[in-house]
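Read the structure below first, then the notes.
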Amino acid sequence: MINIFLGAPGTGKGTVSYLLKKNCNYKHLSTGNIFRNITKRNTQIAKKVRDILKKGELVDDQLTFKVLLEDLEKYNLKKDNIILDGYPRNINQAEILLEYFNRHYKDLKISVINFKLPESVIIERLTNRLICPKCGKSYHKIFFELKPQKEWYCDDDGTKLIQREDDKIKSIKKRLEIYNKETKPLIKYFTNRDILINVDVNDSSEEVYKKVFEKCQN
Ligand code: ADP
């Protein structure tokens, strides 16, 4: 089964994915994490991706689908519970994905969870976000429930936490602008296909996790 997590940056898609992976063995595919790993390499593509991410822009659709597919094909799409976090991010990517599923996996169950959160909360969350560069887990500098146990270190693997390059206010504004222009139209696109479920995510991560888990089961 495929669960597409749709929502602006900072709405908690990664945090909920982490909990579903840890507690329920969901498979988490995040194109953002895939690209951040690519940027660590010493190649021309890595350099190109690094520049795009830093500016908060989108990587081109062809390369994005290629890297997604490399990971997706490791799983059993009919049996595994798969989360697509950050893909698709525009109508063209959605068409590419649905066309691929239609061709290779007829009758695959697909649902889209739309993470809804006011923009003011998003900006506050992103400017205070810290991530583990090794496992990708997100933390928050101030929220008690999302603070690391030891300040600046990952609870799971002890790696020193960092602020993402694109969590600076200029890139955040750009990412939100792109979300509104390119990604938001997907709400209507998936509503028209009757597979979209809205979830109000202005709540603690534990509550949001419970709400999303329930929707993923139906
Ligand atoms: P966000 O916190 O903005 O949701 P992600 O971690 O999902 O960030 O993605 C980080 C960056 O990776 C994006 O700003 C973009 O540059 C790139 N990226 C991730 N997913 C896609 C995609 N589906 N298409 C194009 N670019 C993507």
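Keep in mind that this is a model prediction, so the values were computed, not measured. Note that ligands are numbered from 1 as they come in the structure, with each ligand's atoms numbered from 1 the same way.
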Quiz item: side chain to side chain contact (heavy atoms under 4.5 Å, CB included) between F143 and S204: does it pass, once the steps are laid out?
Solution: CA-CA 10 Å; F143 281 166; S204 71; over 6 Å; no
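Every atom of ligand 1 with a heavy atom of E57 under 4.0 Å away is listed here by number and element: 14 (O), 15 (C), 16 (O). Residue R129 has at least one heavy-atom neighbour below 4.0 Å for each of these atoms of ligand 1: 2 (O). Per-residue contacts place T64 under 4.0 angstrom from the following atoms of ligand 1 (heavy atoms of the residue considered): 22 (C), 23 (N), 24 (N), 25 (C). Within the listing of ligand 1, atoms 4 (O) sit less than 4.0 angstrom from a heavy atom of K13. Atoms of ligand 1 found under 4.0 Å from any heavy atom of L53, numbered from 1 in the order shown, are 11 (C), 12 (O), 16 (O), 17 (C). Ligand 1 places these atoms under 4.0 Å from at least one heavy atom of T31: 19 (C), 20 (N), 21 (C), 23 (N). Residue Q93 approaches ligand 1 through these ligand atoms, each under 4.0 Å from one of its heavy atoms: 22 (C), 23 (N), 24 (N), 25 (C).
Taking atom 9 (O) of ligand 1 as the reference point, the nearest protein heavy-atom neighbour is G32 CA, 3.4 Å. Of the protein's heavy atoms, F35 CD1, 3.6 Å lies nearest to atom 18 (N) of ligand 1. Here the heavy atom of the protein found nearest to atom 8 (O) of ligand 1 is R164 NH2, 3.1 Å. From the protein, the heavy atom lying nearest to atom 13 (C) of ligand 1 is R89 NH2, 3.9 Å. What sits closest to atom 2 (O) of ligand 1 on the protein, heavy atoms only, is R175 NH2, 2.9 Å.
Checking only distances, V59 does come within under 3.5 Å of ligand 1, N or O to N or O. Inclusion of Y87 in the set of residues having an N or O under 3.5 Å from an N or O of ligand 1 is not warranted. For ligand 1, one of its N or O atoms has an N or O atom of G86 under 3.5 Å away.
Of all the heavy atoms of L58, the ones lying under 4.0 Å from any atom of ligand 1 are found in both the backbone and the side chain. Contact annotation for K54 and ligand 1: no heavy atom of the residue comes within less than 4.0 Å of the ligand. In R36, the part holding a heavy atom less than 4.0 Å from any atom of ligand 1 is the side chain.
Here the side chains of I45 and L63 are in contact, with some heavy-atom distance below 4.5 Å.
There is no path of hydrophobic side-chain contacts, each under 4.5 Å, that joins I34 to I162. One hydrophobic cluster, built from ILVMFWY side chains closer than 4.5 Å, cannot hold both V201 and L196; they sit in different ones.
Side chain to side chain, S205 and E145 meet the donor-acceptor criterion of an N or O pair below 3.5 Å. Counted by atom type alone, N23 and Y209 present one or more donor-acceptor pairs between their side chains at under 3.5 Å. No side-chain donor from either of Y179 and E119 sits under 3.5 Å from a side-chain acceptor of the other. For K27 and N25, the side-chain atoms include at least one donor-acceptor pair closer than 3.5 Å.
Listed for the R89 side chain is no donor-acceptor partner under 3.5 Å among the backbone atoms of L58.
The local environment of CD in Q44 is sparse, with at most 12 non-hydrogen atoms from other residues, nucleotides or ligands closer than 6.0 Å.
With D167 as the fixed residue, the salt bridge (Lys or Arg N to Asp or Glu O under 4.0 Å) test singles out one of R129, R36, R125: R129.
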